Amino acid sequence: MRSPRGLLAISGYLAGRHAPAASVSTTGHHSLFFARAIQILAQPEPVRLQELSAPDSGILELRLERPEVKNAINWDVMRRLRSAIEKIQADAAAKVVLVASSVPGAFCAGADLKERKLMGSSEVGEYARSLRSTFSSFEALPIPTIAVIEGAALGGGLELALSCDLRICGGNAELGLPETGLAIIPGAGGTQRLPRIVGRSRAKELIFTGRKCDAAEAVMMGLANYCVPAGEAYQKALDIAREITQKGPLGIRMAKKAINQAMEVADMSSALAVEGECYEQLLHTQDRLEALAAFAEKRKPVYTGK
């Protein structure tokens with residue numbers, strides 16, 4: 001977000017370029033133009049990625065900030081999400097990602113239906129494919145991801161949360177996939193990720209009916225890990241993230257890989273083979289030797305991710 005000083009400089013530059021020649025009749029028009037320009041410049045970025053400072057180094061925060069439409073996802077938001085994912089992938093120091101909203105009462109309302117209404121069928125198909133790919137890239141991040149859900153997580157918003165490893169709900173959370181009410185189906189992974197999390201029968205019920213569930217029910221069916229009082233989901237997620245960052249980062253990465261890859265194979269022997277391969281990759285790491293030394297010396301290990 002631009003600073004007020006920057007806004008003054010920009011508005012002054014615009015005024016200098018476009019100022020009318022002392023005409024009273026155009027003053028109101030130009031004042032309205034400049035006010036609108038400043039308003040646009042003052043709007044926050046719809047997707048913001050930042051790393052928390054020490055002692056929470058290694059925890060990244062991905063925030064949705066589009067309050068006028070409850071964080072609805074349009075093409076611009078999607079492109080910015082993809083850019084954020086690429087930055088996370090390139091950050092060797094990243095250990096955990098928190099996905100949260102800066103908009104009170106809304107995690108993400110799903111697709112931007114006003115933009116969708118202006119699209120042709122081929123454009124809608126392209127949008128769905130791009131969003132599906134974006135969420136798959138997010139799901140494939142090697143580090144843990146935690147969705148912080150306060151308020152509505154609907155449609156594509158819930159599909160974003162489903163691509164996270166953990167989901168923490170405030171007591172005001174409302175989760176659902178209402179797409180069948182629009183004569184379509186969830187198209188960004190919802191028909192595949194939801195049954196893998198809550199089971200086939202429950203997923204069918206939620207998708208067929210488009211019914212919304214609250215935070216307590218989400219925990220009961222395994223859709224969410226925790227339900228905490230409204231307004232406290234971020235702190236709970238941060239507490240979990242802090243626990244994770246105290247563990248061996250290579251071990252965490254291999255644990256995620258073993259779980260995700262093994263869940264996609266057909267039989268237990270193949271799944272155990274995946275686990276074995278991941279375990280083997282950790283045997284000769286400096287972190288494993290450091291953990292053994294720290295245990296013997298009765299001290300806290302200092303991991304380097306090597």
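Given the structure is predicted, the values throughout are model-derived calculations rather than measurements.
Annotation for K247: atom NZ counts as buried by contact number, over 12 foreign heavy atoms lying within 6.0 Å.
Within the model, atoms CG of L238 and CD1 of I168 stand 11.5 Å from one another, a figure rounded to the nearest 0.5 Å.
Of the possible polar contacts, one joining the E123 side chain to the G120 backbone as a donor-acceptor pair under 3.5 Å is found. Proximity of a side-chain donor or acceptor of D165 to a complementary backbone N or O of T145 within less than 3.5 Å is detected. With D56 contributing its side chain and I59 its backbone, the two residues share no donor-acceptor pair below 3.5 Å. With hydrogens and angles disregarded, a donor-acceptor distance shorter than 3.5 Å links the side chain of E150 to the backbone of G231. Counting only distance, with no hydrogens or angles, the side chain of R288 and the backbone of L283 share a donor-acceptor pair below 3.5 Å. Checked by atom type and distance alone, the side chain of E51 pairs as donor or acceptor with a backbone atom of G58 at under 3.5 Å.
Applying the ring pair (Phe, Tyr, Trp, His ring centres under 6.0 Å) test to Y226 and every residue at least two apart in sequence or in another chain returns nothing. E217 meets the salt bridge (Lys or Arg N to Asp or Glu O under 4.0 Å) test with R211; sequence neighbours excluded. Remark: E280 pairs with no residue by the salt bridge (Lys or Arg N to Asp or Glu O under 4.0 Å) rule, at least two apart or across chains.
Across L223 and C213, no two heavy atoms sit closer than the pair CD2-SG, 4.1 Å. A pairwise comparison of heavy atoms in K70 and A106 identifies CB-CB, 3.8 Å as the closest pair. Here the shortest heavy-atom pairing between I146 and A241 reads CD1-N, 4.2 Å. For the pair L158 and A153, the tightest heavy-atom approach, listed with the atom from each and the gap, is CB-O, 3.4 Å. Shown here for C227 and G171, the closest heavy-atom pair between the two residues is SG-CA, 4.3 Å. Nearest heavy atoms, R167 versus A161: NH1-O, 3.0 Å.
No hydrogens or angles considered: a donor-acceptor pair under 3.5 Å links the side chains of R82 and S133. Between the side chains of Q50 and R48, at least one donor N or O lies within less than 3.5 Å of an accepting N or O.
Residues in residues 104-122 take part in these side-chain hydrogen bond (donor to acceptor under 3.5 Å, both in side chains) pairs, two or more places apart or across chains: R66-D112. Pairs of residues two or more places apart, or lying in two chains, that qualify as ring-ring contact (aromatic ring centres under 6.0 Å, His included) and include a residue from residues 109-139 are W75-Y127.
Comment: R196 engages E264 in a salt bridge, judged by a side-chain N to carboxylate O separation of less than 4.0 angstrom. Ion pairing of D76 with R80 is present here, as a side-chain N (NZ or NE/NH1/NH2) and a carboxylate O approach within less than 4.0 Å. Ionic pairing of D287 and K306 is not present here: no N-O contact between side-chain nitrogen and carboxylate oxygen is shorter than 4.0 angstrom. Between E297 and R299 a salt bridge is recorded (basic side-chain N to carboxylate O distance below 4.0 Å). Ion pairing between a basic and an acidic side chain is recognised when a charged N comes within 4.0 Å of a carboxylate O; R132 and E159 show no such pairing.
Note that R63 lies in the cation-pi zone of Y234, set by a 6.0 Å cut-off to the ring centre and a 45° limit from the axis.
Grouped with L113 in one hydrophobic cluster are L182, I184, the linkage being side-chain heavy-atom contacts under 4.5 Å among Ile, Leu, Val, Met, Phe, Trp and Tyr residues.
Side-chain contact check for K95 versus I252: every heavy-atom pair is 4.5 Å or farther apart. Here the side chains of D214 and E174 are not in contact, with every heavy-atom distance at 4.5 Å or above.
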May I have the step-by-step check of side chain to side chain contact (heavy atoms under 4.5 Å, CB included) for C108 and I73, ending in yes or no? CA-CA 8 Å; C108 176; I73 303 171; 3.7 Å; yes
